[in-house]
Amino acid sequence: MKKLISVLLLVVLLATALSITAYADSGIGVKPGQNMPAFTVDLTDGTTATLSELLKEKDLVVLNIFASWCKPCEREFPEMEEVYQANSDRMVILSLSGEPNDTMEIIADYKESHNLSFPMGLAGNALSYLTVPGFPTTIFIDRSGMVGLIKVGAFVDKAEFESKVGYFLSPDYSGKPLKTEQAVNYMHYVEIAIPIASLVLVIGRWGLFRKAGKKGWHSLIPLLNTYDEYSMVWKGWIGILATLCFPLGILCNIVGLPAFIAPILYAAGFVLGIPESIRLAKAFGKSTFVGVLMAIPGIKEVSRLFLGLGKAKFQAPVSDTANS
């Protein structure tokens, strides 16, 4: 049992380490300190933008690669617009979609609907040498044509973007590039964590079911495993409701429903799971405090793994026998 747990923990650590390395080492095609290769791109107003021509007129070109569906891009645009309006005599923001499915018509409508005044268009083949690790990615090109900064991910706020612009427009700017910055890509880690957590939960539930005299293979079947687990100590259908709250919350974000709905669903799933977790903990001889911890995502999966594979013995609550 200890050997199995050690192997599972090793898998989790290795997967995390590999994911961090893969994200950190993403090649972009250019790096700070290099000269930005020449390019000419098409814009929504029917004209073109050429890097060399822009640098004849401006001291800074901010090349922003985005996608029309990108929410972080959408959130940072209004603040970028404000900074652009205040410095348009010396800088230009050139925002280009790197999404293959975006068309010039889509970007033109996007620009109009978001009240953006800086030039926008499509990256297309002109920037095919760039490998963008995520949207948005912003490249600061100084007055000499050198890449001064690469920012992967959205700027935290207006002040952060404004400070970077100020650095390159400062009269004291010495031509020293800044290091590439990468915002935390939470979805990247979520994508890694979900299959690992699911595997841990399946194994843990398999052990729990076996100890409770149920068929362990039920742990492999979505929703049925939740129903079976809740029916061990309470009412199985409540487990179904608690489990469904989380994917429904994610779905709300995907389809663009009001942002407050998802947190409410997440909270509802957590609250619905607390009574079951407390009862489950007590059935294995654990305290109420442990039961509350067992309702928290992340701890929930690990706790079931240790209860299912550990030495704890299951004793069904007498008052709930009829519900089993």
Side-chain angles (χ1 to χ4, degrees), residues 1-21 186 188-247 250 266 269-324:
M1 185 270 295
K2 291 182 178 180
K3 184 177 181 181
L4 178 58
I5 293 176
S6 298
V7 171
L8 287 172
L9 291 176
L10 180 60
V11 169
V12 172
L13 291 173
L14 285 175
T16 303
L18 288 173
S19 66
I20 293 173
T21 302
Y186 293 104
H188 178 78
Y189 296 105
V190 168
E191 291 169 358
I192 296 294
I194 288 177
I196 294 175
S198 299
L199 175 63
V200 170
L201 188 59
V202 164
I203 295 174
R205 277 180 170 155
W206 177 86
L208 293 179
F209 292 161
R210 299 277 291 184
K211 288 181 178 181
K214 293 179 176 286
K215 297 177 180 179
W217 57 265
H218 281 191
S219 66
L220 296 170
I221 305 175
L223 294 185
L224 175 60
N225 53 27
T226 304
Y227 180 88
D228 280 352
E229 183 183 63
Y230 276 58
S231 67
M232 286 161 49
V233 292
W234 202 21
K235 299 176 181 178
W237 61 269
I238 295 180
I240 299 292
L241 291 178
T243 300
L244 288 177
C245 283
F246 294 96
I250 295 173
Y266 298 148
F270 173 66
V271 171
L272 285 172
I274 287 179
E276 179 270 347
S277 295
I278 292 175
R279 288 168 179 254
L280 189 65
K282 290 183 176 180
F284 281 93
K286 305 300 179 181
S287 66
T288 298
F289 176 71
V290 171
V292 174
L293 292 179
M294 288 173 60
I296 301 174
I299 299 177
K300 169 184 176 181
E301 290 78 19
V302 174
S303 64
R304 280 152 175 73
L305 178 70
F306 280 92
L307 283 178
L309 301 184
K311 295 181 179 180
K313 294 183 179 180
F314 175 77
Q315 180 62 51
V318 176
S319 59
D320 295 324
T321 302
N323 293 326
S324 300

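Please read all numbers here as calculations on a predicted model, not as lab measurements.
- The distance from the CG atom of Leu244 to the CG atom of Leu272 is 10.5 Å, given to the nearest 0.5 Å.
- How far CG of Leu199 is from CD1 of Ile194: 14.0 Å, rounded to the nearest 0.5 Å.
- A 4.5 Å side-chain heavy-atom check between Arg205 and Leu201 finds at least one atom pair inside the cut-off.
- Within 6.0 Å of atom OH in Tyr227, 12 or fewer heavy atoms from other residues, nucleotides or ligands are found, so the atom counts as exposed in its surroundings.
- Atoms OG and CE, on Ser303 and Met294 in that order, are 4.0 Å from each other to the nearest 0.5 Å.
- The line from CD1 of Ile250 to SG of Cys245 is 11.5 Å long, rounded to the nearest 0.5 Å.
- What you find for Gly239 and Thr226 is that their closest heavy atoms are O-CG2, 3.1 Å.
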Evaluation steps, salt bridge (charged side-chain N to carboxylate O under 4.0 Å, His left out), between Glu229 and Arg304: CA-CA 11 Å; Glu229 183 183 63; Arg304 280 152 175 73; 2.8 Å; yes
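- Classification of the Phe284-Phe314 ring pair by plane angle, with boundaries at 30° and 60°, yields tilted.
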Audit row: Ser198, Glu301, side chain to side chain contact (heavy atoms under 4.5 Å, CB included) steps and yes/no: CA-CA 8 Å; Ser198 299; Glu301 290 78 19; over 6 Å; no
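- Of all heavy-atom pairs spanning Ala212 and Met232, the tightest one is CB-CE, 3.8 Å.
- Residues Glu276 and Ile238 form no side-chain contact, since every pair of their non-hydrogen atoms from C-beta on lies 4.5 Å or further apart.
- The CG atom of Leu220 sits 10.0 Å away from atom CD1 of Ile203, with the distance rounded to the nearest 0.5 Å.
- Here the CG atom belonging to Leu224 is positioned 10.5 Å from the NZ atom belonging to Lys215, to the nearest 0.5 angstrom.
- Of all the heavy atoms in Pro275 and Trp234, the pair that sits closest is CB-CZ3, 3.4 Å.
- In this structure, a donor-acceptor pair under 3.5 Å is present between the side chains of His218 and Asp228.
- Between the side chain of Lys211 and the backbone N or O of Ala312 there is at least one donor-acceptor pair closer than 3.5 Å.
- In plain terms, the two heavy atoms of Leu223 and Ile240 that are nearest each other are O-CD1, 3.2 Å.
- Taking every heavy atom of both residues into account, Leu307 and Leu208 meet most closely at CB-CD2, 3.7 Å.
- Shortest non-hydrogen contact noted between Ser287 and Ala281 is O-CB, 3.7 Å.
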